[in-house]
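Presented below is the structure to which this report refers.
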Amino acid sequence: MRIAMIGSGYVGLVSGACFAQLGHDVVCVDKDADKIGHLRRGHVPIYEPGLDRLIADNMRAERLTFSGDLTNAVSEADAVFIAVGTPTRRGSGHADLSYVYAAAEEIATAMRGYTVIVTKSTVPVGTGCEVARIIRTVQPDADFDMASNPEFLREGAAIEDFMKPDRVLIGVESERAREVMAAIYRPLNLIQTPIVFTNIETAEVAKYAGNAFLATKITFINEIADLCEKVGADVHDVARAIGLDGRIGRKFLHPGPGFGGSCFPKDTLALAHLARAIDAPQTIVEQVTKVNNARKKRMARKVIEFCGGSVAGLTIGVLGLTFKANTDDMREAPSLDIVPALHVAGAQVVAFDPQGMTEASRLLSGIAFAKSAYEAATEADLLVVITEWPEFRGLDPHRIKQAMRQPRIVDLRNIFDPQRMRDLGFTYEGIGRPLKKRNERQSTSLGERSAPAEVTIVGN
Ligand SMILES: NC(=O)c1ccc[n+]([C@@H]2O[C@H](COP(=O)([O-])OP(=O)(O)OC[C@H]3O[C@@H](n4cnc5c(N)ncnc54)[C@H](O)[C@@H]3O)[C@@H](O)[C@H]2O)c1
């Protein structure tokens, strides 16, 4: 199959490279000429484990090319995938579909012969229908079918998710489009991937429903973590106890500072707004967005309270800035709420992130960046873990302790073992793993350079 991928961002690049790996001829198109230039020279502009290698292999095999010329790519293609961004519309919670519709117009003028137009971007129900209308308006005789093929990959594990998905979801309206889509995904039959065919509206709704459900699960365990902190329970044990119930499942029950990223925040918001507009309110999802936004803001207060009510004059080392590990994506990252609030409260923030600092330096002002986690800890009065990068788990706590002015850690991802940290002499607070003798903790200000309070931490 000849595939044109319109939009070469996280989804377009991964999908394009993976389709090429499955044996198809793929042209990845982007209107960002710099991006295309980098890709042609073999520089992958995003960090996604394994992607540079996959792209290089498929460029060498001449199955994958990059172009700024949409017309040529589309006119040759059997299937055109739209993988452009659908951010939140400025001033409203709705999805901004202007990139999708602009791409549809360009595609319409370029199409030659029968083509399947596939929306891979996450789009509200009804968008496939609108794209078809645009194409018919621009080229009334166009020979095409629409399909919806939402993408479920996770940044950081995107290639594995694409090549070994739990399922592939395809919305189609015609047998001919179904055959083209089945042919594109046929190589995945070898690993018996379930391919779920539905109509287009169902596929569009299912993508939002899936993301909303996962966002709800995260928010649920985050609130249970708050409860655990008040009553002396350990949220990890609670998560395990409920997650072993097959009806609930263990995934997405890890508490943290609130979800961020390029999908959950905007997709929950878009679903809630669309649903209200058509009088089918999704009140649970509405509440999830509110609770999550409030949580991200509250995390800075948690840090300040840990420091006895003030961080003025303190040096705070921050570990991790990206919205999750194994990506350089900073979109809606909790760090974007937490770090500025600490800065405004008078702290000097020194941050380290293995991949996100270039993007973070564009988004965060007034903070310093360190070259390593140890450098971020040096002379710090407090260390705050915001992103769960695997390499942070392997840090030498003795070295960290030696480097710090005060051995204190607020671990918003629970990557460290509380008991071990306590035994090593750290004053440590995680999420939903309460201090047994909370009342006995001295409400000392780190600014006073007081000795670490002796605390007992429940949990393992
Ligand atoms: N990032 C994820 O993990 C993920 C996962 C599943 C689904 N999605 C969805 O996939 C879509 C794309 O997300 P992303 O993270 O890849 O976005 P992105 O912002 O990283 O990439 C979008 C790309 O499209 C390009 N573009 C925009 N208009 C264009 C046009 N007319 N012609 C050519 N190129 C054009 C932009 O220059 C940009 O490079 C969104 O709808 C998103 O919700 C994202």
Side-chain angles (χ1 to χ4, degrees), residues 4-18 27-39 44-49 51 66-74 77 80-89 94-110 117-124 127-128 131 134 148-162 165-166 168-169 203-204 206-212 214-215 259-271 322-333 359:
M5 185 66 62
I6 311 304
S8 304
Y10 285 84
V11 166
L13 267 186
V14 171
S15 310
C18 288
V27 186
C28 284
V29 177
D30 207 285
K31 63 179 183 184
D32 180 340
D34 277 355
K35 194 178 269 189
I36 292 298
H38 279 295
L39 286 162
V44 179
I46 56 168
Y47 175 74
E48 179 61 45
L51 184 60
F66 299 98
S67 175
D69 178 6
L70 181 144
T71 306
N72 224 13
V74 168
V80 177
F81 285 76
I82 301 177
V84 300
T86 49
T88 301
R89 198 194 300 161
H94 288 278
D96 178 354
L97 295 171
S98 58
Y99 300 102
V100 173
Y101 295 154
E105 284 194 25
E106 288 181 68
I107 292 165
T109 50
I117 312 294
V118 192
T119 49
K120 197 163 238 333
S121 300
T122 302
V123 291
T127 306
V131 169
I134 290 170
S148 165
N149 175 215
E151 185 48 61
F152 293 96
L153 60 78
R154 293 163 300 163
E155 286 175 21
I159 293 168
E160 173 89 0
D161 284 353
F162 196 97
D166 290 341
V168 171
L169 174 59
E204 289 172 338
K207 171 63 192 176
Y208 278 100
N211 274 1
L214 293 173
F259 60 77
S262 64
C263 294
F264 289 172
K266 80 171 174 65
D267 293 346
T268 46
L269 207 57
L271 176 60
T322 51
F323 86 90
K324 66 170 177 178
N326 293 322
T327 181
D328 57 356
D329 201 337
M330 286 291 300
R331 287 177 280 187
E332 305 286 333
E359 185 58 16

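What you see below is based on every heavy atom in this structure, not just the backbone, and it leaves out hydrogens, waters and symmetry mates. Whatever order the structure lists ligands and atoms in, that order sets their numbers, starting from 1.
- Between Arg331 and Phe323, the closest heavy-atom pair is O-CB, 3.9 Å.
- Counting non-hydrogen atoms of other residues, nucleotides and ligands closer than 6.0 Å to CZ of Phe152 gives a total above 12.
- The residue among Val84, Thr86, Val100, Thr327 with a heavy atom at the shortest distance from atom 11 (C) of ligand 1 is Val84.
- If you run side chain to side chain contact (heavy atoms under 4.5 Å, CB included) between Thr122 and each of Asp267, Thr127, Val11, Leu271, only Asp267 comes through.
- Annotation: side chain of Pro265 is in contact with side chain of Phe259 (closest heavy-atom distance under 4.5 Å).
- With no hydrogens or angles considered, no side-chain donor-acceptor pair links Ser8 and Lys35 at under 3.5 Å.
- In terms of protein heavy-atom proximity, atom 24 (O) of ligand 1 is closest to Gly7 CA, 3.4 Å.
- Remark: Lys31 NZ to Ile36 CD1 distance equals 12.5 Å, nearest 0.5 Å.
- Atom 13 (O) of ligand 1 has as its closest protein heavy atom Val11 CG2, 4.1 Å.
- Residue contact check: Glu155 has heavy atoms under 4.0 Å from atoms 1 (N), 2 (C), 3 (O) of ligand 1.
- Each of the following atoms of ligand 1 lies closer than 4.0 Å to a heavy atom of Gly85: 22 (C).
- The shortest separation from a heavy atom of Ser262 to ligand 1 is under 4.0 Å, placing the residue in contact.
- Contacts of Glu48 with ligand 1, taken as heavy-atom pairs under 4.0 Å, are absent altogether.
- For atom 19 (O) of ligand 1, the closest non-hydrogen atom on the protein side is Arg331 NH1, 3.6 Å.
- Residues Val27 and Ala73 come closest through the heavy atom pair CG1-CB, 3.9 Å.
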**Q.** Intermediate values then yes/no, side-chain contact (heavy atoms from CB on, under 4.5 Å), Glu155 and Asn326
**A.** CA-CA 7 Å; Glu155 286 175 21; Asn326 293 322; over 6 Å; no
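- Taking every non-hydrogen atom of Glu106 and a distance limit under 4.0 Å, the qualifying atoms of ligand 1 come out as 31 (N).
- The nearest pair of heavy atoms linking Ile107 to Leu70 is N-CD2, 3.9 Å.
- Inclusion of Asp329 in the set of residues having an N or O under 3.5 Å from an N or O of ligand 1 is not warranted.
- Distances from atom 25 (C) of ligand 1 to the heavy atoms of Asp30, Ile46, Ile6, Leu13 show the closest one on Asp30.
- Between the side chains of Asp96 and Tyr101, no donor N or O sits under 3.5 Å from an acceptor N or O.
- The protein atom (non-hydrogen) at minimum distance from atom 9 (C) of ligand 1 is Thr122 OG1, 3.5 Å.
- Among all non-hydrogen protein atoms, the one lying nearest atom 6 (C) of ligand 1 is Glu151 O, 3.2 Å.
- Scanning the protein heavy atoms around atom 21 (O) of ligand 1, the nearest turns out to be Gly9 CA, 3.2 Å.
- At distances below 3.5 Å, at least one donor-acceptor pair connects side-chain atoms of Lys120 with backbone N or O atoms of Asn149.
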**Q.** Criterion side-chain contact (heavy atoms from CB on, under 4.5 Å) on Tyr10 and Thr327, from CA distance to verdict
**A.** CA-CA 10 Å; Tyr10 285 84; Thr327 181; 3.9 Å; yes
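- Polar contact with ligand 1: absent for Asp32 (N/O pair, distance under 3.5 Å).
- Close approach to Lys35 involves these atoms of ligand 1, each under 4.0 Å from a residue heavy atom: 38 (C), 39 (O).
- Looking at Cys263 against ligand 1, only its side chain comes within 4.0 Å, counting heavy atoms.
- The ligand atoms of ligand 1 that sit less than 4.0 angstrom from a heavy atom of Lys266 are 42 (C), 43 (O).
- For ligand 1, none of its N or O atoms has an N or O atom of Lys120 under 3.5 Å away.
- In terms of protein heavy atoms, atom 34 (N) of ligand 1 is closest to Lys31 N, 3.3 Å.
- Contacts with ligand 1 closer than 4.0 Å are made by no heavy atom of Arg154, backbone or side chain.
- With values rounded to the nearest 0.5 angstrom, Leu153 atom CG is found 8.0 Å from Cys263 atom SG.
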